[in-house]
Number of protein chains: 2
Amino acid sequence: MDERQATLAFGALAQETRLNIVRMLVIAGPAGMAAGAIAEKAGVAPSNVSFHLKDLEHAGMVGSRREARSIIYSANYDTLSGLIQFLMKDCCAGHPEICTPALAASCCPPAKTTKRRKVLQPS
Amino acid sequence: MDERQATLAFGALAQETRLNIVRMLVIAGPAGMAAGAIAEKAGVAPSNVSFHLKDLEHAGMVGSRREARSIIYSANYDTLSGLIQFLMKDCCAGHPEICTPALAASCCPPAKTTKRRKVLQPS
DNA sequence: TCCTCATTTTGATATTTATTGAAATATAGG
DNA sequence: CCTATATTTCAATAAATATCAAAATGAGGA
């Protein structure tokens with residue numbers, strides 16, 4: 001994920017309605033949800049949800065497919081995890097010692113342990 | 001991190017100048033950078049950088065301290081990792097099987113392995 | 001105190017974004 | 001075909017955001 005796409009993705013998530021949509025689509029899984037169902041559950045006008053879905057799609061956060069009369073939207077998990085990794089790359093950039101324990105495993109390069117050698121299993 | 005703060009944080013990162021600022025502050029570490037230095041390195045007018053820094057501070061992404069005549073800004077790593085965890089919570093919500101291998105460790109609850117038992121070390 | 005440097009605040013302006021309702025498009029069924 | 005349904009596009013408007021230049025604030029040093 002390059003900076004441009006990350007900026008789009010952040011912008012897409014920086015709005016209550018869109019964040020809600022992404023969350024419900026993530027939970028819905030690959031099956032996705034019809035635009036109308038999204039609008040109803042999110043409590044916004046169909047034209048407005050369409051506007052936001054277009055934005056999310058442009059940011060690569062969701063995909064769509066037609067199914068009979070409905071258009072089904074579903075979350076794009078690759079973009080989501082790409083964004084997480086983009087954030088993590090910056091998070092620890094140069095300063096892995098600051099990393100939260102919960103994140104350290106994925107966030108910081110496992111090969112490059114700072115100091116401390118010969119610690120695992122003294123047996 | 002609650003939804004409100006996450007929305008602020010996403011909004012803060014959804015802009016080229018601010019994203020640049022955050023990145024340079026993350027790299028700068030706890031020492032941080034003076035507002036003027038940030039403005040120069042980012043290539044924007046001081047008043048403009050001040051505007052963006054205020055936004056970043058409001059979102060909890062950076063902190064500031066006065067040091068002689070300068071005001072030093074530094075990244076808030078807690079917010080950054082909090083945001084990552086906020087994203088990860090959503091990423092896998094209900095669908096850990098989709099998780100990218102690189103993320104699975106931090107992203108998906110390690111206790112709840114789906115199916116497949118008695119697999120480690122058949123010895 | 002007065003002066004200068006570093007930064008912020010303010011005010012004006014241009015741009016982008018969000019929302020609404022009405023009209024247009026596409027699909028399925030009688 | 002004609003009608004009903006699902007969604008999008010369009011046009012208008014309101015609201016938020018980004019940018020610049022100029023004035024104001026605040027902290028040392030002569």
Practice task
Could you tell me which residues satisfy salt bridge (Lys or Arg N to Asp or Glu O under 4.0 Å) with B:Arg65, sequence neighbours excluded, listed by chain and number?
Solution key: B:Glu67
Exercise for the section: Could you check if a side-chain atom of A:Ile71 sits within less than 4.5 angstrom of a side-chain atom of A:Arg66, using non-hydrogen atoms only? Expected result: yes
Completion exercise
The contact string for nucleotides 15-30 of chain D, one letter per nucleotide 5' to 3', using protein heavy atoms under 4.0 Å with B, S and - for base, sugar-phosphate only and none, comes out as ---BBBBB----BS--
Handout entry: End axis versus end axis in the helix from C:dT1-D:dA30 to C:dG30-D:dC1, the angle rounded to 10°, five pairs used at each terminus
Key = 10°
Practice task
Shoot me the first and last contacting nucleotide of DNA chain C against chain A, ordered 5' to 3', at under 4.0 angstrom to non-hydrogen atoms.
Solution key: C:dA18 to C:dA28
Exercise for the section: Please report the shortest heavy-atom distance between B:Met1 and B:Thr79, naming the atom on each side. Expected result: CE-O, 3.5 Å
Handout entry: Rounded interatomic separation in angstrom, taking CD1 from A:Ile72 and P from D:dT8
Key = 11 Å
Problem - Separation between CG of A:Leu8 and CG of A:Leu56, rounded to the nearest 0.5 Å - result: 11.0 Å
Problem - Sidechain-backbone polar pair: A:Glu57 side chain, A:Leu53 backbone, donor-acceptor under 3.5 Å - result: no
Residues 17-29 of chain A side chain polar contacts: donor-acceptor under 3.5 Å, at least two apart:
| unit_1 | atom_1 | unit_2 | atom_2 | d |
| --- | --- | --- | --- | --- |
| A:Arg18 | NE | A:Ala12 | O | 2.9 |
| A:Arg18 | NE | A:Asp55 | OD2 | 3.4 |
| A:Arg18 | NH1 | A:His52 | ND1 | 3.1 |
| A:Arg18 | NH2 | A:Gly11 | O | 3.1 |
| A:Asn20 | ND2 | A:Glu16 | O | 3.4 |
| A:Arg23 | NE | B:Asp90 | OD1 | 3.4 |
| A:Arg23 | NE | B:Asp90 | OD2 | 2.9 |
| A:Arg23 | NH1 | B:Glu3 | OE1 | 2.5 |

Exercise for the section: Could you tell me which non-hydrogen atom of A:Ser74 sits nearest to which non-hydrogen atom of A:Pro30, and how far apart they are? Expected result: CB-O, 4.0 Å
Problem - Sugar-phosphate, base or nothing in reach of B:Ala34, heavy atoms under 4.0 Å - result: sugar-phosphate
Practice task
Just jot down the side-chain contact (heavy atoms from CB on, under 4.5 Å) partners of A:Ser50, sequence neighbours excluded, or say none.
Solution key: none
Completion exercise
Separation between CG (B:Leu80) and CE (A:Met88), nearest 0.5 Å, reads 11.0 Å
Problem - Non-hydrogen side-chain atoms of A:Leu87 and A:Phe10 separated by less than 4.5 Å - result: yes
